[in-house]
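Note sheet for the following structure.
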Amino acid sequence: VACILEGSKIKEKLLQELEKEFSKLQPITLASITTLKNFSIQVYVNQQKKVCSLLGVKFLEIHEESAHKIFKVIEDLNRNKGVKGIVVHKPTKEGLNFWEIAEKISPSKDVEGVNSFNMGSLFKGKPTIIPPTASACFYLIKSTGQVLRGKNAVIVGASEIVGKPLSMLLLEELCTVSICHIGTHQAGFLEEYVKRADILCCCAGVPSLIKGDWIKEGAIVIDVGINYKDGKIVGDVEFEEAKKRAGFITPVPGGVGPITVMFLFKNLLYLAKSDLK
Ligand code: NAD
């Protein structure tokens with residue numbers, strides 16, 4: 001039976017480190033921009049607000065729905081010396097292009113690593129700001145203490161905020177990385193790839209996509225998916241079955257999610273400190 005990677009517990013250690021570091025800083029602000037109101041966005045906003053209050057960071061909440069107003073807000077935030085990080089919540093309102101908005105954030109305030117400069121640095125193997133979800137997955141994989149070099153890493157989901165950046169991090173560790181996506185699924189190859197994964201990271205956002213009996217014996221299984229099914233939050237992996245075969249597995253909820261928030265604040269700390277130099 002797998003060792004459960006309890007994000008909620010691991011988070012405490014990261015939080016303590018952050019508390020120590022933030023207490024050495026002058027007051028700073030994290031700006032959070034929403035363009036749409038829905039339940040999951042509100043969950044993220046509340047999570048960030050809560051950590052801000054624990055770390056003594058001012059949380060500036062902004063809601064705007066028109067592109068030109070959002071661009072103007074970001075321009076002002078880029079110039080505001082007290083603001084050290086800017087988050088634009090995904091998904092954005094219909095008709096707005098998230099990536100176009102992300103490009104307006106100054107690379108030195110891009111706390112989620114979503115503009116081209118920070119993404120490009122990651123691609124070159126010299127990252128400074130990494131999208132927090134990818135960092136959280138990578139941290140959990142490393143926390144197992146397993147040798148990563150030469151392992152087959154399979155990522156299911158190729159988004160810019162999870163699958164693609166995580167693939168770069170695992171590549172740097174000399175894993176053999178396969179990125180699967182909807183095309184892999186439609187071509188009927190998903191099971192074949194998953195079955196050979198020593199490290200499996202699922203970030204498709206499809207409940208029960210990964211069958212428990214596809215999991216390789218002893219594999220590290222990181223489930224990023226947050227899906228609402230029958231009034232419950234579930235991941236992409238059939239947890240109960242998968243747990244019997246995996247070496248390590250993250251639960252949903254309480255796995256990747258709590259660590260992701262910590263890495264957002266690690267990025268904020270890095271940006272605030274770089275600003276002091
Ligand atoms: P996205 O929609 O941008 O990307 C989904 C990816 O999955 C795409 O590459 C798509 O091709 C692939 N995919 C979709 N259906 C598939 C299928 N049937 N088979 C194989 N691949 C398939 O999503 P995202 O923003 O990267 O989020 C993915 C999931 O991760 C969502 O459930 C989201 O809620 C969750 N998420 C969790 C955290 C966290 O901290 N735990 C953070 C961000 C996102």
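Residue numbers run from 1 in the order of the sequence given. Here the structure is a predicted model, which is why all the values come from computation and not from measurement.
Within 6.0 Å of the CD atom in Q26, the count of heavy atoms belonging to other residues, nucleotides or ligands does not exceed 12. Crowding of F123 atom CZ: a count of heavy atoms from other residues, nucleotides or ligands under 6.0 Å not exceeding 12. The number of heavy atoms from other shown groups lying within 6.0 Å of CZ (F248) is above 12.
For K109 (side chain) and V83 (main-chain N/O), a donor-acceptor pair under 3.5 Å exists by modelled atom type. In this structure, K164 contributes its side chain and I161 its backbone to no donor-acceptor pair below 3.5 Å. The backbone N or O of A219 lies less than 3.5 Å from no partner atom in the side chain of D198, so there is not a single donor-acceptor pair. Judged by distance alone, with hydrogens and angles left aside, the side-chain atoms of N152 form no donor-acceptor pair with the main-chain N or O of A197 at under 3.5 Å. With T133 contributing its side chain and T260 its backbone, the two residues share no donor-acceptor pair below 3.5 Å. One N or O on the side chain of N97 and one on the backbone of W99 form a donor-acceptor pair closer than 3.5 Å.
Grouping Ile, Leu, Val, Met, Phe, Trp and Tyr residues whose side-chain heavy atoms lie under 4.5 Å apart, directly or via other members, leaves I182 alone, with no other cluster members. Under a 4.5 Å side-chain heavy-atom cut-off, the cluster of Ile, Leu, Val, Met, Phe, Trp and Tyr residues that includes F117 has no other member.
In terms of heavy atoms, A242 sits closest to V237 at CB-CG1, 3.6 Å. Shortest non-hydrogen contact noted between A134 and L169 is O-CD1, 4.0 Å. In this structure, S66 and L96 approach most closely via the heavy-atom pair C-CD2, 4.3 Å. Shortest non-hydrogen contact noted between K93 and T35 is N-OG1, 2.9 Å. Between N227 and G235 the shortest heavy-atom distance is ND2-O, 2.9 Å. Heavy-atom minimum distance, L271 versus S108: CD2-O, 3.4 Å.
Cation-pi geometry between K104 and F71 is met: under 6.0 angstrom from the ring centre, within 45 degrees of the axis.
One distance of note links CG of L122 with OG of S167; it measures 8.0 Å at 0.5 Å rounding. To the nearest 0.5 Å, atoms NZ (K244) and CD1 (I215) are separated by 13.0 Å. In this structure, the separation between OG1 on T144 and CG on L5 is 7.0 Å, given to the nearest 0.5 Å. Interatomic distance, L54 CG to E19 CD, rounded to the nearest 0.5 Å: 6.0 Å. E64 CD to T92 OG1: the interatomic distance, rounded to the nearest 0.5 Å, is 14.0 Å. To the nearest 0.5 angstrom, I155 atom CD1 is 11.5 Å from H181 atom NE2.
Side-chain atoms of Q48 and H89, non-hydrogen and from C-beta on, do get closer than 4.5 Å to each other. Looking only at side-chain heavy atoms (C-beta outward), P131 and N118 stay at 4.5 Å or farther from each other. Here the side chains of L269 and L25 are in contact, with some heavy-atom distance below 4.5 Å. Within the 4.5 Å cutoff, side-chain heavy atoms of C137 are placed close to those of V256. Between V221 and I210, every side-chain heavy-atom pair lies at or beyond the 4.5 Å cut-off. Within the 4.5 Å cutoff, the side chain of I70 has no heavy atoms near those of the V88 side chain. The shortest distance between side-chain heavy atoms of L190 and L209 falls below 4.5 Å. Under the 4.5 Å side-chain criterion, counting only non-hydrogen atoms from C-beta, I86 is in contact with I33.
Residue E173 forms a salt bridge (charged side-chain N to carboxylate O under 4.0 Å, His left out) with just one option from R149, K151, K142, and that option is K142.
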Residues L268, F22; criterion side chain to side chain contact (heavy atoms under 4.5 Å, CB included); working and verdict: CA-CA 10 Å; L268 184 65; F22 274 88; 4.1 Å; yes
Pair L166-I222, side chain to side chain contact (heavy atoms under 4.5 Å, CB included): steps then yes or no: CA-CA 12 Å; L166 180 62; I222 308 292; over 6 Å; no
Criterion side chain to side chain contact (heavy atoms under 4.5 Å, CB included) on I249 and D223, from CA distance to verdict: CA-CA 8 Å; I249 190 167; D223 192 351; 5.9 Å; no
Side chain to side chain contact (heavy atoms under 4.5 Å, CB included) between C180 and H185, worked out: CA-CA 8 Å; C180 302; H185 172 74; over 6 Å; no
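Connection of I129 to V111 is established within a shared hydrophobic cluster, with ILVMFWY side chains joined at heavy-atom distances below 4.5 Å, either directly or through further cluster members. Under the 4.5 Å side-chain heavy-atom criterion for Ile, Leu, Val, Met, Phe, Trp and Tyr, F138 and V156 are members of distinct hydrophobic clusters. Tracing side-chain contacts under 4.5 Å through hydrophobic residues (I, L, V, M, F, W, Y), one never reaches V206 starting from I233; they form parts of separate clusters. Under the 4.5 Å side-chain heavy-atom criterion for ILVMFWY residues, a single connected hydrophobic cluster contains both Y270 and F263. Residues L60 and F265 share a single hydrophobic cluster, defined by chaining ILVMFWY side chains whose heavy atoms lie under 4.5 Å apart.
The pair K9-E12 fails the salt-bridge criterion, with no side-chain N (NZ, NE, NH1 or NH2) lying under 4.0 Å from an Asp/Glu carboxylate O. Salt bridge annotation for R245-D213: absent, with no cationic side-chain nitrogen under 4.0 angstrom from a carboxylate oxygen. A salt bridge does not link K266 to E21: none of the charged side-chain nitrogens sits closer than 4.0 Å to a carboxylate oxygen. With respect to E192 and K195, no salt bridge is recorded, no charged nitrogen being found less than 4.0 Å from a carboxylate O.
Between the side chains of E61 and H63, no donor-acceptor pair of N or O atoms lies under 3.5 Å.
Legend: side-chain hydrogen bond (donor to acceptor under 3.5 Å, both in side chains) pairs involving residues 68-80, not counting sequence neighbours, sorted by first then second residue: K72-D76, E75-R79.
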